[in-house]
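As structure tokens, the structure follows; a few thoughts come after it.
Per chain, numbering begins at 1; letters A, B, ... match sequence-line order.
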Number of protein chains: 2
Amino acid sequence: MNKTVVKALELLQLFTTYEQLTLQEIVQLTKLPKTSVFRMVQSLMTTGFLKKEGEAYELGLSLLQFGCLVTERLDVRKVALPIMKQLREETNEAVNLVVKDGDEAIYVEKVETSEPVRVYTRVGRRAPLYAGACPRVLLTFMSIEEQKKYLDRVELIPITSKTIVNREELKNLINEAKKKGYTVSHSELADYSSAVAVPIFNHEGKVVAGLSVVGPENRFQSSYIEQLVPKLKHKAGQISKALGFIGGKDVEL
Amino acid sequence: MNKTVVKALELLQLFTTYEQLTLQEIVQLTKLPKTSVFRMVQSLMTTGFLKKEGEAYELGLSLLQFGCLVTERLDVRKVALPIMKQLREETNEAVNLVVKDGDEAIYVEKVETSEPVRVYTRVGRRAPLYAGACPRVLLTFMSIEEQKKYLDRVELIPITSKTIVNREELKNLINEAKKKGYTVSHSELADYSSAVAVPIFNHEGKVVAGLSVVGPENRFQSSYIEQLVPKLKHKAGQISKALGFIGGKDVEL
DNA sequence: AATATTAATTCCGATATTCGGAACAAAAGG
DNA sequence: CCTTTTGTTCCGAATATCGGAATTAATATT
């Protein structure tokens, strides 16, 4: 492995939290010697990953290009987007699409609602697989071995006061969700926001994404969730089908 | 500067042209020793910039997050987008927003038309400042010294058969455009596509972006362009104003 | 105006890190 | 079963990185 490269890219990661940083600030945050930081920043600048805006450094425009390319190349997203828009029309709620990346879930597409009270999720946001409806639906429907390994390995860190941190409770929820074919979460990732999520499968029958409807907790009572689930399952089924998925006991095609 | 970091990031740049690459292919393209490529790829993977998809490597999902952050943080884009949509409604043509990044122009936002014949531009695309209406409008309205330096330094490489490669011709076009307050191009960046572009200024009176209307060459006759120009100028003026621009002989506010 | 303070940049010798050839392993193809 | 191709590990040599210290630049203070 290449230590310097990793360090430089970790340095770049700082800019996901901070919009602008001076050299000084980077030194403080990374605790690396100033000269080293300086060198790395220079390197990141020549490649367009960072740029200097007056005093401070910012993310460079190269990243724009990369981001767009990744988006375009994600085919789940391509087929899901129009269907997500339909779902938004039917439910008038925000719809999210999440894919798995290592031990995390990443929000790759969203369709917003016109409701005045909204839950704002940023595309590119990451969340652990155990928290939130959409991430957990990925965890629920992954292969048994992979799931077991993950559950043994993962440390359950609370994000909000309602994040599930008890391993047994999590396992129960997963098993239940597997039977029902959907997951529900209340304020696990952000306070006062709830979500219902269903899995999307590819041609191999593997979960490749989670589709969810998100909204304010007070609106998401069980009677309302029951109305949402068949709609979600229907749309997720359409997306799965478009990806070449054929079987599926849990999915109504 | 940090040689390894730069090399690794240049390696990553390969993936803007190729969607997938095996280790072998990267070795051939970069002409670097296999072991070095291997190491760099490993480093890029641990940081999520690359991922292995079966045989080959692809851009990782980290880049999605970075791309979205850059987009969100670009405030020209934020204020321009709604106005661009209005312009699309008024003209029923595709509208592009371009900013300067070093010696290049980058497309940062687009609004597409419903016309059957379209010109497709990808967000994140780069173009030299001398070619195409929108890039050249940035060149036209940058500071005199900067412009002079650029013109002395730049090598004019043809992109299509109609790309301007004669320095004198380019200078004349720039001077003319400066008087008129807009730039026109025909098939300079892509065959059969034309564009009209106007500048957007910030609070300091510096050009920060170019706004253009793009369409198929046959539709962009001079009579039609004359209709477009006032509309473009009006909208660009609105955006400039929103960015704090006050003066402006060339802009009708 | 002179001085103090803070941050950015350059220098340079020590050394840890990267380099890259070669050997090895694994998988694919004949 | 052997050959070929691609991916991965090893290890000594070399060089690129490291980081302290000095220098420069910019800003604040007396």
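Counting heavy atoms from C-beta outward, A:Y150 and A:L129 have side chains that approach closer than 4.5 Å.
Residues B:T4 and B:R39 have side chains that never bring a donor and an acceptor to within less than 3.5 angstrom of each other.
Rounded to whole Å, atom C1' of D:dT17 lies 7 Å from atom CG of B:N2. Distance, B:L32 CG to D:dT15 C1': 16 Å, rounded to whole Å. Taking atom CD of residue B:E25 and atom P of nucleotide D:dG7, one finds them 8 Å apart after rounding to whole Å. Look at CD on A:Q42: it is 13 Å from P on C:dC11, rounded to the nearest Å. Spacing between atom NZ of B:K7 and atom P of D:dT15 amounts to 12 Å, rounded to whole angstrom units. For A:M1 and D:dG7, the CE to P distance is 18 Å, given to the nearest whole Å. Spacing between atom CG of A:L29 and atom P of C:dA7 amounts to 14 Å, rounded to whole angstrom units. To the nearest angstrom, P of C:dA7 lies 14 Å from CG of A:L21.
Between D:dG7 and B:K52, no contact under 4.0 Å exists linking OP1 or OP2 to a side-chain N or O. At C:dT18, one or more side-chain N or O atoms of A:T4 fall inside 4.0 Å of OP1 or OP2 (strictly under the cut-off). Neither OP1 nor OP2 of C:dT18 sits under 4.0 Å from any side-chain N or O of B:R39.
At the heavy-atom level, B:T35 lies under 4.0 Å from base atoms of the strands shown. Among the atoms of the strands shown, none is found under 4.0 Å from any heavy atom of A:M40.
With A:L44 as the partner, the side chain to side chain contact (heavy atoms under 4.5 Å, CB included) test is satisfied by one option alone out of A:F15, A:Y57, A:F49: A:F49.
Along DNA chain C, the nucleotide nearest to A:Q24 and the one nearest to B:E55 differ in position, and the one closer to the 5' end is contacted by A:Q24. For A:S36 and B:Q28, each mapped to the nucleotide of DNA chain D holding its nearest heavy atom, the one lying further toward the 5' end belongs to B:Q28.
Here the side chain of A:K110 pairs a donor or acceptor atom with the backbone of A:T121 at under 3.5 angstrom.
Of all nucleotides listed (C:dG21, C:dT17, D:dA16), D:dA16 comes nearest to the side chain of B:K3. The side chain of B:P33 sits closest to C:dG21 out of C:dG21, D:dG7, C:dT17. Across C:dT18, C:dA8, D:dT8, the shortest atom-to-atom separation from the side chain of B:L23 is found for D:dT8. Distances from the side chain of A:F38 to the nucleotides D:dG7, C:dT18, C:dT10 place C:dT10 closest.
Shown here for B:F141 and B:V207, the closest heavy-atom pair between the two residues is O-CG2, 2.8 Å.
Taking 3.5 Å as the limit, the base of C:dG21 and the side chain of B:K34 contain no donor-acceptor pair of atoms between them.
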